[in-house]
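Before any comments, here is the structure.
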Amino acid sequence: MTREQADRRAAELRPLIARHDRLYYVEAAPEISDREYDALYHELLDIEREFPGLVVPDSPTQRVGGEPLDAFVARRHAVPMMSLDNTYERREIELFHQYVARQVAERSGRPAGTVDIEYVVEPKIDGVSISLRYEDGELAYALTRGNGREGDDVTANLRTVRAVPLRLAASPPPAVFEARGEVYMNRDDFARLNRQRQAAGESEFANARNATAGSLKLLDPREVAKRPLRALFYAQGEVQGLTTGSQAELLRRLREFGFPTAAWTRTVRGPEAVWAAIEELARRRGEFPYDIDGAVIKVNDFALRGHIAPTAKAPGWAKAFKYAAEQAQTVLSAITVQVGRTGILTPVAELEPVFLAGSTISRATLHNEDEIRRKDIRVGDTVTIEKAGEVIPAVVGVVPERRPAGTRPFDLMEHVGGRCPSCGGPVRRDPQFVAWRCENLHCPAQYTRRLQYLAARNGLDIEAIGGVVAERLVETGLVKEPLDVFTLGLGPVAALNLGTPEEPRVLGERNARRLLDAVARARTLPLARWLHAIGIPNIGQATAEKVAALHTDLDHLAESDLLNDMRRLRRLQEEADELGRQLRGAGDPAARAPLLDALRQSRDAITALGTALETRGLARRKGTKGGRLGVEIPEYLTEFGPDVLDSLAEFFASPEGEAVRRRLRELGIHPVTPVAESATSTTSGPLAGKTVVLTGTLQRYTREAAREALMRLGAKVTDSVSSKTDFVIAGENAGSKLDKARELGVRVLTEEEFVAMAGGLPAPPAGRVPRQGMLF
Ligand code: IVH
C-alpha cells in the first residue's frame, strides 16, 4: 500500500469506527458484530503502524492509552462544578417548587400563583462526575470535579472511554463546549471485572462506584483502557459560540454532538407531575443496566434558572431526590472504643458481617454514648444499620423482640474501666461536647490519628500511611508528632513489622520507597492542603481552600491583615447589630440617647474600616449617599464565620502554631498557594524569583486577583516593602509603602508599565473574581 492509499483508507476508517462507537455507546443500537468492529479497528491500527506519520490525535486507535503519568495536574474549572442539595421526602419537592416559583415570581414581577414551572426529571447516576472541554470541536481536556473549583486533569484516562467523543459531531463546532456528566460502570461489567480480579488474586472493589473512581485515578491510561468505563452526560459548563435555551434542548444537543444521555428522562409541569416521574423512575430503577441512587429535578428553562439564587455549593434550580438509605439487620457482637485525633472516645459497633448497598459491612459508627443510651443499644442485640451514599454506615436502632436474655445497658466508662483504652491515661467528660476525652497529650492513639489525618487523601495524600502503618510508626517511636514523617529513613521504614512478633511481616523496601516517595511529593503540596492537614479546629477542606486562596503562604497567613480586618469587621458588625436590637427595645428617650451615640460610633468605625480596605484595593467606593461614604465589600471578606476566624487567629498565636511553622521551616517545607490554571510553579514564569509589593488601588484587578496573577507569573507577593523587594506596583492613592519604596530606591511601576513589562497579566481566573456584596 502506498502512503497515499493508506492515507485515503485511514481517512475512511476513522469516521466509520467513530460511527460504530456512537451506535454502540450512544444509541445502544449496534449495526455490526464485535468481530466486524475489531476487524475495522485492526485495519486502521495496521495502517498507522506502517505509516506512523498518519496518526492523528482523534484517531480511535489513540484511545488505548498514552504513557503513564507521574501524577495528575490540577486545573481550574472555567465554570465551577457545583453539587446538588439532597432531599429524601415528597414534601420537600413541594417546598422546592414553591421556592422556585416564589423567586421566579419576585424577579419577573408576576404573581406567584401564575407562574407555571416546567421541570426535567432525570436519573441520578451513581458514578463519578466529569467535565470534558472541547475547543473548536476537539477534546481539549477532561477534569474530575475535585473541589468544584479545580479538578484533576484526567484527559489521558478519559480518552480511553469509548463513550467519550474525541471530537464533536458538529460542523462548524462551537468555539468552546464543556460537556458534564458521569462516568460509571454497568452492573454486569462491574461483576465481570471483579470476577477477573478475584481470579488474578487482586482485591475486589466494594461497588461499581468505587471501581469507577479507582479506575479514573490510575496513572497508566493503558490500564484504564482495560476497565469497562462508560459515561452519560447531563449538563454543560463553559460554552462559547452556541446558545441553548433549556435542559431538554441541551440533552438533544448533547446527543447530536455524540454524547450518550440517559435513556429515560421526563419533562413535566408542576410538583405533582414531578412526583409522578420520581415514582415511575423508582419503579423502573431495576431496568437500568447501571445503578442509580435517586432522581435529579431541574428547572427546564435556562432563562428562569437565572432568577433562582444558589446556595453555597448547589444551584437553586436543581434538587436531588435520593431514594431512602438502604437498611439491613445484623448482630452487634461487640462495642470497641476508639480514641480520635483530639482525644475524644468514640464507640464503634463490631458487627456480624452483612451485605448492604453493594458492600460488606462489619463495623458501623455508634456516634457517642448518649446516642447508645437513647436508643438503648446493647451488645448481643440485633440492630438495624443504614448506609446512605457516601456516608459511613451507622447503627440506627435495635430490634427489641430479638434481644437475647442477659444483656446490659451500655456504659462507656465501665466499658473502658475509667481509663483511655489506648494509653491507660485519665479521661474526662468534655463539657462542650457529649463526649469523653483522653487528656494525655502524648497518647499514642492520638498521635496515630493525627498522623492518619495528616496523611489522608484530602490532607497530604500519603496513601501508604493508612491504618496499620501509622499505628506501627507511632508504636515503634519512629513518628511522634505527625511532621516527623519528613525525617523518616528508608532502612527503619522498610524494617517496620506490620505483623506480630511471632509472625512478623515487614513492610519491605519497595513499599518503604513508595511511602517515602509520597512523603517527598507531599512537601510541595499547596497551602490549602497543608492548612487542612495540620488540623486546625474548624478548618475543613473547603474552608482551607478559601483561606489559602487569599494568602500566599503560612507566613502571610500568620500575619494576615486581611484576616484581622475580617475579624474586626465581624466584631464591629455584631456590636452594631446588638446596639440596634437594644435600641429597638428602648422606648425611653433618655435610654435611647447613649445607645444612638454608641451606634453612631460603631457605624463610623465600620465606615472607617471600609475606607481603609478601599485604599488597599479590597473594597470599592460606591458613591456617596446622604452624605455618608458608601463602600462595597466583596463577599469573600465576610464569608468566614467567627469560628473560623478565631480558630485561625488562635492557632497562629499559639505555641503549637509557632511550633508547626518552625518545624516546617526546619524541614525546608514552604507550602504556597498554587499557581492556578497552568500549574507552573513559582520557580518558573517571567517573574520567577522576583518579590513584588502591591499598593494602592489597581484599575483592572481586585487586590487578590492581582496577587494571584502575579503568582502565576512566578513572583512572590509580599505585604511590606524592604530592600529585598524587586518592584512595587503602585495604583491610585498609594500611601506609605510607596514612600518607603522611594526611600529605599526600590523600582516603582505603574499598573500600565507593569502590565506591559510582564507581556500582559493573565486574566483573573474564572470563578475567583469575587462577587461584590453590599455591606453598608
Ligand atoms: S446535574 C449543578 N444531573 O450527582 C448541578 N448531576 O449529588 C450539576 N449526578 O455532582 C449536576 N446524575 O456528579 C446532575 N442527572 C444528573 C446527575 C447528576 C448524577 C451527580 C453529579 C453531581 C452529583 C450531586
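We use all heavy atoms of the structure for the numbers below, so side chains are in, but hydrogens, waters and symmetry mates are not. The model shown is predicted, which means the values in this text are computed figures rather than measured ones.
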Just by distance, do the side chain of E92 and the backbone of E89 share a donor-acceptor pair under 3.5 Å?
no

Would you mind reporting whether L132 and F233 have side-chain heavy atoms less than 4.5 Å apart?
yes

Please lay out, stage by stage, how L44 and S59 fare under the test side-chain contact (heavy atoms from CB on, under 4.5 Å).
CA-CA 9 Å; L44 179 61; S59 170; 3.7 Å; yes

Correct closest heavy-atom pair for M1 and F51 would be O-CZ, 3.5 Å

Between E150 and A74, is there a donor-acceptor pair closer than 3.5 Å when you use the side chain of the first and the backbone of the second?
no

Less than 4.5 Å apart, side chain to side chain, heavy atoms only: is that true for E43 and L13?
yes

Hey, are T61 and E48 close enough side-chain-wise for a donor-acceptor pair under 3.5 Å?
yes

Sequence neighbours left out, what passes side chain to side chain contact (heavy atoms under 4.5 Å, CB included) with E287? Give chain and number order.
R284

Looking at K319 and F96, what are the two nearest heavy atoms and their distance?
CD-CD1, 3.8 Å

Is the ring pair Y37/Y41 parallel, tilted or perpendicular, if the boundaries are 30 and 60 degrees?
parallel

Lys/Arg N to Asp/Glu carboxylate O, E135 vs R133, below 4.0 Å
yes

A199: what forms a side chain to side chain contact (heavy atoms under 4.5 Å, CB included) with it, not counting sequence neighbours?
none

Working note: I32 + H20, criterion side-chain contact (heavy atoms from CB on, under 4.5 Å); need CA distance, chi angles, decisive distance, verdict.
CA-CA 8 Å; I32 56 174; H20 288 299; 3.6 Å; yes

Minimum heavy-atom distance A231-A163, with the two atoms named
N-CB, 3.8 Å

Specify the closest pair of heavy atoms between P260 and Y25, including all atoms of both residues, with the distance to one decimal.
CB-O, 3.8 Å

Just by distance, do the side chain of T673 and the backbone of A548 share a donor-acceptor pair under 3.5 Å?
yes

Under the side-chain contact (heavy atoms from CB on, under 4.5 Å) criterion, do V100 and Y119 qualify, and how do the steps go?
CA-CA 11 Å; V100 169; Y119 298 94; 3.9 Å; yes

Pair N300-Q247, side-chain donor/acceptor within less than 3.5 Å
no

Specify the closest pair of heavy atoms between R209 and V128, including all atoms of both residues, with the distance to one decimal.
O-CG2, 4.3 Å

Between V120 and A248, the two heavy atoms sitting closest are CG2-N, 4.3 Å

Intermediate values then yes/no, side-chain contact (heavy atoms from CB on, under 4.5 Å), R266 and V274
CA-CA 9 Å; R266 293 284 178 268; V274 166; over 6 Å; no

Find the distance between CD1 (I125) and CG (L232) and round it off to the nearest 0.5 Å.
4.5 Å

Could you tell me whether R230 and D189 have a side-chain N and a carboxylate O separated by less than 4.0 Å?
yes

Tell me, with the steps shown, if Y234 and F259 meet ring-ring contact (aromatic ring centres under 6.0 Å, His included).
CA-CA 9 Å; Y234 46 66; F259 297 96; over 10 Å; no

I'd like to check the side chain to side chain contact (heavy atoms under 4.5 Å, CB included) partners of P271; sequence neighbours left out, ordered by chain and number.
E94, H97

For I130, the option from V154, L143, N157 that meets side chain to side chain contact (heavy atoms under 4.5 Å, CB included)
V154

Is the side chain of R149 donor-acceptor paired with the backbone N or O of V79 at a distance under 3.5 Å, no angle test?
no

Can you establish whether the number of heavy atoms outside R197 located under 6.0 Å from its atom CZ is more than 12?
yes

What I want to find out is whether R514 reaches E463 closely enough, with some N-O distance under 4.0 Å, to be called a salt bridge.
no

Applying the side-chain hydrogen bond (donor to acceptor under 3.5 Å, both in side chains) criterion to T261, which one of R255, R253, R252 satisfies it?
R255

State yes or no: are the ring centers of F177 and Y134 separated by less than 6.0 Å?
no

Within the side chain of E50, is there an N or O that forms a donor-acceptor pair under 3.5 Å with the backbone of D46?
no

Would you please indicate yes or no on a ring centroid separation below 6.0 angstrom for W317 and Y99?
no

Do side-chain atoms of Q103 reach the backbone of A309 as a donor and acceptor pair under 3.5 angstrom?
yes

